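See structure below.
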Amino acid sequence: MTEPTRISHRIASIAESATLKVDSKAKALQAQGRPVISYAAGEPDFATPAHIVEAASRAVLDPKNYRYTPAVGLPDLREAIAAKTLRDSGLSVSASQVIVTNGGKQAVYQSFATLLDPGDEVLLPTPYWTTYPEAIRLAGGVPVDVFAGSEQNYLVTVEQLEAARTERTKVLLFVSPSNPTGAVYSEEQTRAIGEWAEANGLWVITDEIYQNLTYDGVRAVSIVEAVPALADRAILVNGVAKTYAMTGWRVGWMVGPADAIKGAANLQSHLSSNVSNISQRAAIEALNGPQDAVEEMRLAFDRRRKAIVAGLNAIDGVVCPTPEGAFYVYPDVTGLLGRTWGGVTPTTSLELADLILDQAEVAAVPGEAFGPSGFLRLSYALGDEPLAEGIERLQKLFTA
Ligand SMILES: Cc1ncc(COP(=O)(O)O)c(C=O)c1O
């Protein structure tokens, strides 16, 4: 029998978000006056576009926003999300199939909680976003890592997924573009994986939060657009945070078939009820208003992406595939391990991340936060100048 503990085993076993941990360490050092350049944060450095902020400030003055509203979200926002889902994911849904959540993060958690019974397995393409395994375990499920390295551009294959499938497999997590790798599945790869999931009766939770941030003319085709027959067993997760520089507004959503949405709506009605009406009004403007600012931000990310990939690949021992989406690069740094830099010999990417923070005052998240050691995640959602300065510091450190 397990010993009683002050707090529950379930909660005590949750790991602190490693990305937030590195970011707060970097911020604490900055607060002490250290000139730390941080590539750790997963959020755009831009201000939310003015027309969205103005919609919110009008909403603040309108008393109709001062009360509880439906737990699943404002009807106008649910309509706007249904229209966006058709526009960008090629799936026709009614507003009743949408739940507005406190960020995509709540949608991720609620999706797993809605689908999983104890012991159900979830295939998790690895490297994975650090929240997925914790959300799966909290829901009683078992994450099953399916690893794809830099030599396959961090994209898993149907063969790998099939090798990991068991009779307990219930869900496939699919995310394209990916956090942490920025990798985007081609339409053919997406279709092959979707058809395999459909043929095996799996549910798919597809996290599309970076779908509007792609480069080189690439489009991240939704798995439900590639395989429409999946729609009855698919939950789409999305939100305004990344596309509209709205991380602090906390508006995300989940879209799915009626039974899953009904269950998740019941859960949310007891958990958090409606998202702030002010934020929801802002999100309506984001989705229905002009999209010019989105394109401007995307172009800036694209410029920085090219600069960071070139700068990292110029370091001997670093292999950095060119990501086609999101705002992260995920270099393979195994070539730097076991060598001595400034008197220190890192053998893991965790130690390497500590070393570059100590010796170059550069913060990056180690691969251990997302799966195996041997990688770093660098977000290029920071200004062009600090981005260039940080890369110069790394080049200097590793050529010394
Ligand atoms: C892959 C992925 N999904 C979902 C989210 C959740 O975003 P938010 O809760 O800010 O909407 C994030 C944020 O980092 C993410 O990277």
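In this text, all values refer to a predicted model and were calculated from it rather than measured experimentally. Ligands are counted one by one from 1 in listed order, and the atoms in each one are counted from 1 as well.
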Please could you name the atoms of ligand 1 that [X] approaches to less than 4.0 Å, counting only its heavy atoms?
{"X": "Tyr132", "result": "1 (C)"}
{"X": "Ala241", "result": "10 (O), 11 (O)"}
{"X": "Gly103", "result": "9 (O), 11 (O)"}

Are any non-hydrogen side-chain atoms of [X] and [Y] less than 4.5 angstrom apart?
{"X": "Glu296", "Y": "Leu299", "answer": "no"}
{"X": "Pro290", "Y": "Glu285", "answer": "yes"}
{"X": "Leu336", "Y": "Pro346", "answer": "no"}

Of all the non-hydrogen atoms in the protein, which one sits nearest to [atom], and at what distance?
{"atom": "atom 5 (C) of ligand 1", "result": "Trp129 CH2, 3.3 Å"}
{"atom": "atom 7 (O) of ligand 1", "result": "Ile209 CD1, 3.5 Å"}
{"atom": "atom 8 (P) of ligand 1", "result": "Gly104 N, 3.4 Å"}

| query | Heavy atoms only: which of Asp207, Asn179, Thr101 is nearest to atom 2 (C) of ligand 1? | reply | Asp207

| task | Select the closest option to atom 9 (O) of ligand 1 among Arg250, Lys242, Met246, Gln106, judged by heavy-atom distance. | result |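 The residue whose heavy atom sits nearest atom 9 (O) of ligand 1 is Arg250.
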
| Checking Ser379 side chain against Ala41 main chain: does a donor-acceptor pair fall under 3.5 Å? |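 It does hold such a pair.
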
| said: Evaluate Lys105 for polar contact with ligand 1, using N/O atom pairs at a separation under 3.5 Å. | reply: yes

Please find out if less than 6.0 Å separates the ring center of [X] from that of [Y].
{"X": "Phe301", "Y": "Tyr215", "answer": "no"}
{"X": "Tyr328", "Y": "Tyr39", "answer": "no"}
{"X": "Phe398", "Y": "Trp341", "answer": "yes"}

